[in-house]
Amino acid sequence: MRVFLFRFAMFLFCFSLIASCAYLGLWFKYRRIIQNEFTLPKNIEVVSISDSHTAYGLIEDGWSQFKNLSSSGTQIDIWLWKLKWIFHLNPKNHPKYIILEQGVHSHDQYLDFISEMRASDWPCVDSDGINTRAYFRWITKTSFYQLRKWNPVTIDKTRRIALCKDKKEANLKTSIDTHFKKGKKPDFEFSKTQKFLDEIQKITKRHDSKIILISLPCHINYRKKVPQELLLKWTAEMRNWTEKNNATYFNYWEYPLNDDDFWDYDHLSASGRIKMTAKLREDFDCWRQKQHKQD
């Protein structure tokens, strides 16, 4: 009996030791991945941290001061955590301008959230640096799918897809079928995202950075599906928030593009990305010059 208890105790000890080492290995692995992803070159002044619309809609080529850290499938609460990591890992050369895409789309980012800031689901930092307890809790609770989002291979694959998506590879009806099936309508309750924008605003203000909200173009057939009164309400609320918080809003919702510039109704193709990035950079440079003159 004593031999059995001894062997059982040794088994539990070895199992606990192996499990602890595995989680510790994950901690260092994904900590390193996050460091590599969000540590910026010194020349970067403009960063985008939104979802697939900017991940596929903007490019870094030809804009040396711009870094696109947007990723498909992320929501505005995740953008908040991205921003915290960016400022934490770049204390002396953090970006001066943060681009957030706020388009008229019926995505979950405008609906209900799992929990406040989802602090237990994603890598966390606090005002003093790494929140180790929250970080360990994230590793132990998150799914393998979520962990893979931070894998360098997955990140690189997503960006390769973003660079090669075009009309030939996608169905122009994808967005309509997704957003409007079963009578679904876009969600325009700005208050559901405002609490996260307010939190992002506090962080950027503390680091002397500014928020730039943008709405990227959508295909005319998509725009026809959106009730005009709701669109006007959304645009007004966006402008009111930017004026109140000393932010800037570039609205390209109806910016004229060709059919070939879209790979579905609300994502841009390779040619669309080039045009949109050039337009945004032009407007951004003009806006910044006016800001410098006012200062």
Side-chain angles (χ1 to χ4, degrees), residues 33-34 36-41 44-86 95 97-110 122-123 145-167 169-172 174-175 178-179 193 196-197 200 211-219 222 250 252-253 255 257 261-281 284:
I33 291 174
I34 291 169
N36 293 338
E37 179 72 357
F38 297 127
T39 300
L40 303 175
I44 299 298
E45 293 186 353
V46 186
V47 169
S48 172
I49 54 172
S50 304
D51 59 6
S52 61
H53 299 96
T54 45
Y56 301 162
L58 300 174
I59 58 175
E60 300 172 0
D61 295 348
W63 195 354
S64 60
Q65 297 175 319
F66 172 65
K67 184 70 174 177
N68 193 352
L69 293 176
S70 302
S71 51
S72 178
T74 57
Q75 301 171 353
I76 192 170
D77 51 340
I78 306 305
W79 308 351
L80 172 62
W81 290 119
K82 281 187 177 184
L83 188 66
K84 288 187 175 184
W85 275 100
I86 289 171
Y97 307 98
I98 307 298
I99 294 178
L100 302 174
E101 207 275 338
Q102 289 289 283
V104 187
H105 311 289
S106 60
H107 291 165
D108 290 339
Q109 63 194 58
Y110 307 123
W122 287 88
Y145 170 76
Q146 288 174 316
L147 288 176
R148 287 188 69 250
K149 288 185 178 180
W150 297 97
N151 187 293
V153 176
T154 305
I155 293 171
D156 185 52
K157 180 180 179 182
T158 302
R159 290 182 176 168
R160 284 202 304 271
I161 292 174
L163 294 177
C164 69
K165 289 266 188 187
D166 57 29
K167 184 179 178 182
E169 299 179 29
N171 184 342
L172 265 180
T174 300
S175 295
T178 301
H179 296 172
T193 52
F196 291 100
L197 282 177
I200 290 174
I211 294 176
I212 299 177
L213 301 179
I214 66 172
S215 294
L216 291 179
C218 287
H219 194 275
Y222 185 99
F250 293 146
Y252 300 109
W253 169 251
Y255 184 69
L257 292 173
D261 295 326
F262 294 90
W263 66 265
D264 70 4
Y265 278 5
D266 66 335
H267 292 88
L268 300 179
S269 66
S271 60
R273 282 190 290 277
I274 295 173
K275 294 178 182 179
M276 189 65 254
T277 304
K279 174 62 176 174
L280 175 60
R281 184 180 181 185
F284 171 78

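- Residues Cys218 and Asp266 come closest through the heavy atom pair SG-CB, 3.6 Å.
- Distance check, rounded to the nearest 0.5 Å: CD of Glu101 to OG of Ser52 gives 8.5 Å.
- What you find for Leu58 and Thr277 is that their closest heavy atoms are CA-OG1, 3.4 Å.
- Distance check, rounded to the nearest 0.5 Å: CD of Gln65 to CD of Glu60 gives 13.0 Å.
- The OG atom of Ser48 sits 9.0 Å away from atom CD1 of Ile98, with the distance rounded to the nearest 0.5 Å.
- Atom-to-atom distance recorded for Ser64:OG and Ile44:CD1 is 7.5 Å, nearest 0.5 angstrom.
- One finds the CD atom of Glu45 at 10.5 Å from the CH2 atom of Trp63 (value rounded to the nearest 0.5 Å).
- Proximity of Phe66 to Asn68: side-chain heavy atoms (C-beta onward) are separated by under 4.5 Å at one or more points.
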Verdict with reasoning, Leu69 to Ile86, per side-chain contact (heavy atoms from CB on, under 4.5 Å): CA-CA 10 Å; Leu69 293 176; Ile86 289 171; 3.8 Å; yes

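- Contact check for Tyr252 versus Leu280: side-chain heavy atoms found under the 4.5 Å cut-off.
- Annotation for Gly57 and Leu216: closest pair CA-CD1, 4.4 Å, computed over non-hydrogen atoms.
- One finds the NE2 atom of His219 at 14.5 Å from the NE2 atom of His267 (value rounded to the nearest 0.5 Å).
- Outside the 6.0 Å centre-distance limit, the rings of Trp79 and Phe196 are not counted as a close aromatic pair.
- Side-chain N or O atoms of Thr39 include none that pairs as donor or acceptor with a backbone N or O of Asn36 at under 3.5 Å.
- Across every non-hydrogen atom of Ser70 and Thr54, the tightest pair is OG-OG1, 2.7 Å.
- Looking at heavy atoms from C-beta onward, Ile49 lies out of side-chain contact with Leu80 at the 4.5 angstrom threshold.
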Test side-chain contact (heavy atoms from CB on, under 4.5 Å) on Leu100 and Ile212; report intermediate values, then the result. CA-CA 6 Å; Leu100 302 174; Ile212 299 177; over 6 Å; no

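- Under a 3.5 Å cut-off, the side chain of Trp263 and the backbone N or O of Leu268 do form a donor-acceptor pair.
- Using modelled atom types and a 3.5 Å distance limit, the side chains of Ser269 and Asp261 yield no donor-acceptor pair.
- Note on ring orientation: taking the six-membered ring where Trp is involved, the planes of Tyr97 and Phe284 are perpendicular (angle over 60°, cut-offs 30° and 60°).
- Closest approach of Ile99 and Ser50 over heavy atoms only: O-OG, 3.6 Å.
- Of all non-hydrogen atoms in Lys82 and Phe38, the two that sit nearest each other are CG-CZ, 3.7 Å.
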